[in-house]
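Read through the structure below, which is laid out as structure tokens, and then see the notes.
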Number of protein chains: 2
Amino acid sequence: MAAKSEQTRQLVANVALKMFREIGFEKTTMRAIAQEAGVSVGNAYYYFASKDELVQELYIQVQDEHATMAAQALEGVQDLAGRLKAVLHSGIDVMAPYHQFGSDFIATAIRPTSPVNPFGEASTAAREASLAIFRSAVEGSSPAVAKKLRGDLPELLWLAYMGVALFWVYDRSEGQRRTRKLIDGAAPLVARGLSLAKIPGVSKVFDDVLGLVRRVKEDS
Amino acid sequence: MAAKSEQTRQLVANVALKMFREIGFEKTTMRAIAQEAGVSVGNAYYYFASKDELVQELYIQVQDEHATMAAQALEGVQDLAGRLKAVLHSGIDVMAPYHQFGSDFIATAIRPTSPVNPFGEASTAAREASLAIFRSAVEGSSPAVAKKLRGDLPELLWLAYMGVALFWVYDRSEGQRRTRKLIDGAAPLVARGLSLAKIPGVSKVFDDVLGLVRRVKEDS
DNA sequence: ACTCATCCTTGAACACGTTCAAAATTCGAT
DNA sequence: ATCGAATTTTGAACGTGTTCAAGGATGAGT
């Protein structure tokens, strides 16, 4: 049983996540987690260097679940609008139990030094996994997305997804109805907007947008 | 001199803002502010209910300065792209001294309960002032923006500005060069994109976007 | 000059996240 | 079984934001 240590780690993580869900971020103090898990405060810190790292644990778990659910929801859906909806809705579904926790999570995540920061070093794996979902949504769609857009689109959609998540955090409507409405409205619009790439005048603007994105991204 | 009280308040605020600029958010402890200002900790709390309210003081001041500088930078500039650049660049200019402070500010601001939250109750005035800047940028431009866009555009641009501010916070390039580049590239693109509203196929998509924005906003 | 209600100011105290030296436990090697 | 090093666990202590009962200052009405 080399897993004695891992057992304690999991115990602390599980207790923490459960408390996050049930009583929120602020009321879930490190002392409360330790007490509930039956360990000392210092021991919790032996496994998680900060409260933020417990949030990261949650982030990773949510991300994993999203990947699974999205893959399932994408099955048999061909058109881009439908595929976008599938990915976005499943994302919201997975996050739902943590809605009250959302703003604290984002306040944590937005700090560049936080391990949970979606743009940061520490969550490279989670971000890649999330990006892969959008890549699959784009690549598997038919009719196919214009070739010149195909490369950058997943990243832009992922960025838009961050925006949707932000909207969701602030969404006080019951069951976050408004976010659902936003997704249902925006997904077909994005698909239709992209199909305009064929129009010459529009095509040029698209090119410039992509050019700008690349230039800013690479800090040339 | 009914201003004895106001004097203390200003003293605390000024010391706090100076320390925010010079040593950052975390190192500027309430105890340090009190000591530097020569008052007790409790006294600082008599005027500002929380550290967040001191951040709000900063937010309001930055917003005020932005309004002044933007109005000045808009003088004599006719085209929308130029006017957008003027507003965005002056915004970045005003925030520049607080760049290292940026992420802490945003982490504070993003919390729905925070007085600094740009969407929240407590900063209605500051938000309106900021919106007014964009309204003036849009309304004063010539050639004029398509009539059907004129109503919602300022709000959308303000939202985009929030995005630019977020980008700026993460921008580690010297002098935030990349943000400048983003502004210079995006402003003409937005202007050109909007001019596409004349094309029938595009016009329809624009209509739908506006429709969606209105529907989601009003939570119908 | 005196009163008293209102406004200011104080500093000790609380709960929090986090740290750390020390103690307890585990486990492979003998 | 025993030793010793590595791993795991403990709880007191630190500095933080924040609260609050207590006291001090102020000023209008007499």
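All values below come from the heavy atoms of this structure, side chains included, with hydrogens, waters and symmetry mates left out. Order of the sequence lines fixes the chain letters, A, B, ..., with proteins taken first and strands second; residue numbering starts at 1 for each chain.
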Is there a side-chain polar atom (N or O) of A/T8 under 4.0 Å from OP1 or OP2 of D/dT9?
yes
Side-chain donor-acceptor pairs under 3.5 Å in residues 43-52 of chain A, sequence neighbours left out?
unit_1: A/Y47; atom_1: OH; unit_2: A/S5; atom_2: OG; d: 3.2
unit_1: A/S50; atom_1: OG; unit_2: A/D52; atom_2: N; d: 3.4
unit_1: A/S50; atom_1: OG; unit_2: A/E53; atom_2: N; d: 3.4
unit_1: A/K51; atom_1: NZ; unit_2: A/F25; atom_2: O; d: 2.9
unit_1: A/K51; atom_1: NZ; unit_2: A/T28; atom_2: O; d: 3.1

Only counting residues at least two apart or in another chain, list the ones meeting side chain to side chain contact (heavy atoms under 4.5 Å, CB included) with B/A71.
none
List in numerical order all residues of residues 34-50 of chain B for which some heavy atom is under 4.0 Å away from an atom belonging to DNA chain C.
B/V39, B/S40, B/G42, B/N43, B/Y46, B/Y47
Could you check how far CD1 of B/I33 sits from P of D/dT18, rounded to whole Å?
10 Å
Can you check salt bridge (charged side-chain N to carboxylate O under 4.0 Å, His left out) on B/K85 and B/D79, steps first, answer last?
CA-CA 10 Å; B/K85 277 192 206 175; B/D79 64 301; over 6 Å; no
Given side chains that start at C-beta, do those of B/I110 and A/L166 come closer than 4.5 Å, heavy atoms only?
yes
Can you list, in residue-number order, the parts of residues 101-122 of chain B that come under 4.0 Å of DNA chain D, counting heavy atoms only?
none
Hits for side-chain hydrogen bond (donor to acceptor under 3.5 Å, both in side chains) against A/D64, two or more places apart or cross-chain, chain-then-number order -> none
Looking at every heavy atom in both A/P188 and A/I183, which two are closest together, and how far apart are they?
CD-O, 4.3 Å
Between A/H99 and A/W168, what is the ring plane arrangement, given parallel below 30°, perpendicular above 60°, and tilted in between?
perpendicular
Given the rule in the salt bridge (charged side-chain N to carboxylate O under 4.0 Å, His left out) test, do B/K217 and B/E155 qualify, once you have shown the distances and angles that lead to the verdict?
CA-CA 11 Å; B/K217 211 159 69 181; B/E155 201 158 354; 3.1 Å; yes
Within residues 15-31 of chain B, which residues have any heavy atom lying less than 4.0 Å from an atom of DNA chain D?
B/T28, B/T29, B/M30, B/R31
Taking CD in B/Q35 as the centre, count heavy atoms belonging to other residues, nucleotides or ligands within less than 6.0 Å. Is the count above 12?
no
Below 30° counts as parallel, above 60° as perpendicular, anything between as tilted: where do the rings of A/Y59 and A/F105 land?
tilted
